[in-house]
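In what follows, a structure is listed as structure tokens, so that the remarks can point back to it.
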Amino acid sequence: MTDNSVSDQFLGVHITPLTRRRLINFRRNSRGFWSLWIFLTIFIVTLLSELIANDKPLLVWFDSTPYMPVFVSYPETDFGGEFLTEADYRDPFVVELIEEQGWIIWPPVRFSFDTINYNLEQPAPAPPSTDNWLGTDDQGRDVAARLLYGFRISVLFGLTLTIFSSVVGIAAGAIQGYFGGLIDLFTQRFMEIWSSLPTLYLLIILASIVTPNFWWLLGIMLLFSWMGLVGVVRAEFFRARNFDYVRAARALGVSNLVIMYKHVLPNAMVATLTFLPFILSGSITTLTSLDFLGFGMPPGSASLGELLNQGKNNLHAPWLGISAFVTLSIMLSLLVFIGEAVRDAFDPRKTFR
């Protein structure tokens, strides 16, 4: 079976020869191709973190009635207890009540990212054991659960920041490159001043005023991250705005917005797409750095940077630093390999027989 037929069958739709060539070039970069599948597999697994690492059972069968504590909160009285508050399924008393008239199915890791294990045989941070596969941090929380949730938060933050910053950066670069003149001149001067602002100091000042969270950090980082793609898009629009087909469209009365969106932007997207995996890895690194310094996600959140900081402060517990370092190394290496494969896919010098 040829590469062409494989690509067509995989997509299930008719594709152009140019797209087919790019897919084949991407597929021939085996390191990037398999990195994409490995990264997607890990990311999909972390999206199901609540079903893998949780302090609530997946399914409880009590008195011939099914319960799903992962999705629904049940009071202790539903299982024969005394309190109207949500049942604590790690309490031996509640477990005994349930097992008298039913059974429990637990997730593979019986801890959430914020669950504290009060039954440690050693003081926290405790080494790996049968209960805590990768040990616990200095507060008794399971490291494996925090890695799962931390990986998910890091990737979702990076993807969201990459998407929003790309939209703003592409729009700014398109306006500069297409219209030029004073618009381009003043925008470039504004970018020079804006990029010189100390981002870290601003984050520290804002963190002392408001409590940082996912959306606060996203908005603050978006103020500065959008400039990464402006130069590439601006250069592509500068190059394409005087092409014959653009002049012909303008002579036919087509509006500037339509010309920019339908005729010039597709050419600029070729160069832009090659930068997206690297922007994603940079966004993840920025969030990890802020968490490491203590200016990132709120305290208690699942964070790879916070786990690295714990590893620095607890050198006698090497599993903390090693776990976070290995996770970040794998994540960023996969993204870099994917970026290299995307770059090869859009490289016009790459040919095939």
**Message:** Ring-plane angle category for Trp194 and Phe224, please: parallel below 30°, perpendicular beyond 60°, tilted otherwise.
**Reply:**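 Rings of Trp194 and Phe224: parallel, as their planes differ by under 30°.
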Atom of [X], atom of [Y] and distance for their closest heavy-atom approach:
{"X": "Asp291", "Y": "Gly296", "value": "OD1-CA, 3.0 Å"}
{"X": "Met297", "Y": "Leu217", "value": "N-CD1, 3.6 Å"}
{"X": "Ala240", "Y": "Val264", "value": "CB-CG1, 3.8 Å"}
{"X": "Phe43", "Y": "Val155", "value": "CE1-CG1, 3.5 Å"}
{"X": "Gln310", "Y": "Asp137", "value": "OE1-CB, 2.8 Å"}
{"X": "Gly140", "Y": "Ala124", "value": "N-CB, 3.7 Å"}

Measure the shortest side-chain to side-chain distance between [X] and [Y] over non-hydrogen atoms and say whether it is less than 4.5 angstrom.
{"X": "Lys56", "Y": "Glu86", "answer": "yes"}
{"X": "Leu51", "Y": "Pro107", "answer": "no"}
{"X": "Phe164", "Y": "Trp226", "answer": "no"}
{"X": "Asp138", "Y": "Asn313", "answer": "no"}
{"X": "Thr85", "Y": "Pro75", "answer": "no"}
{"X": "Ser165", "Y": "Leu229", "answer": "no"}
{"X": "Thr136", "Y": "Phe111", "answer": "no"}
{"X": "Phe238", "Y": "Asp184", "answer": "yes"}

Please determine whether the number of non-hydrogen atoms from other residues, nucleotides or ligands lying under 6.0 Å from atom [atom1] of [X] exceeds 12.
{"X": "Tyr245", "atom1": "OH", "answer": "yes"}
{"X": "Trp103", "atom1": "CH2", "answer": "yes"}
{"X": "Phe79", "atom1": "CZ", "answer": "yes"}

**Request:** Go through the steps for Arg247 and Arg241 under the test side-chain contact (heavy atoms from CB on, under 4.5 Å), then give the verdict.
**Result:** CA-CA 8 Å; Arg247 291 181 175 181; Arg241 67 175 182 172; over 6 Å; no
Once you round to the nearest 0.5 Å, how far does [atom1] of [X] lie from [atom2] of [Y]?
{"X": "Ile163", "Y": "Leu218", "atom1": "CD1", "atom2": "CG", "value": "10.0 Å"}
{"X": "Leu159", "Y": "Ile279", "atom1": "CG", "atom2": "CD1", "value": "12.0 Å"}
{"X": "Leu58", "Y": "Ile104", "atom1": "CG", "atom2": "CD1", "value": "11.0 Å"}
{"X": "Asn314", "Y": "Leu320", "atom1": "CG", "atom2": "CG", "value": "6.0 Å"}
{"X": "Thr286", "Y": "Ile220", "atom1": "OG1", "atom2": "CD1", "value": "13.0 Å"}
{"X": "Ile259", "Y": "Arg250", "atom1": "CD1", "atom2": "CZ", "value": "5.5 Å"}

Short question: side chain of [X], backbone of [Y] - any donor-acceptor pair under 3.5 Å?
{"X": "Thr46", "Y": "Ser49", "result": "no"}
{"X": "Tyr149", "Y": "Ser301", "result": "no"}
{"X": "Asn54", "Y": "Glu50", "result": "yes"}
{"X": "Asn213", "Y": "Trp216", "result": "yes"}
{"X": "Ser283", "Y": "Leu161", "result": "no"}
{"X": "Asp344", "Y": "Phe26", "result": "no"}
{"X": "Ser333", "Y": "Met331", "result": "no"}
{"X": "Asp142", "Y": "Ala144", "result": "yes"}

**Sequence-distant partners of Glu192, side chain to side chain donor-acceptor pair (under 3.5 Å), two or more places apart** =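 Side chain to side chain donor-acceptor pair (under 3.5 Å) check on Glu192 returns Arg189.
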**Message:** Hydrophobic clustering (ILVMFWY, side-chain heavy atoms < 4.5 Å, transitive) - are Phe62 and Val70 grouped together?
**Reply:**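 Yes, one cluster joins them.
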**Item:** Phe278 reachable from Leu334 in the ILVMFWY side-chain graph, under 4.5 Å edges
**Value:**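 Cluster IDs for Leu334 and Phe278 differ.
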**Asked** Can you find a side-chain donor-acceptor pair between Asn132 and Asn117 that sits under 3.5 Å?
**Response**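 Note: Asn132 and Asn117 side chains meet the donor-acceptor criterion.
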**Message:** If only side-chain N and O atoms count, and only distance matters, is there a donor-acceptor pair under 3.5 Å linking Asn256 with Tyr178?
**Reply:**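 There is such a pair between these side chains.
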**Message:** Give me each pair satisfying ring-ring contact (aromatic ring centres under 6.0 Å, His included) with a member in residues 309-342, each pair once, sequence neighbours excluded.
**Reply:**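 Qualifying pairs: none.
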**Prompt:** Hey, does the Lys NZ or Arg CZ of Arg146 hover above the aromatic six-ring of Phe113, less than 6.0 Å from the centre and inside 45° of the axis?
**Reply:**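 Verdict for Phe113: no cation-pi partner in Arg146.
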**Message:** Using the rule given for salt bridge (Lys or Arg N to Asp or Glu O under 4.0 Å), can you reason through Glu306 versus Lys312, listing the C-alpha separation, both sets of side-chain angles and the distance that settles it, and then say yes or no?
**Reply:** CA-CA 10 Å; Glu306 190 261 350; Lys312 178 183 71 70; over 6 Å; no
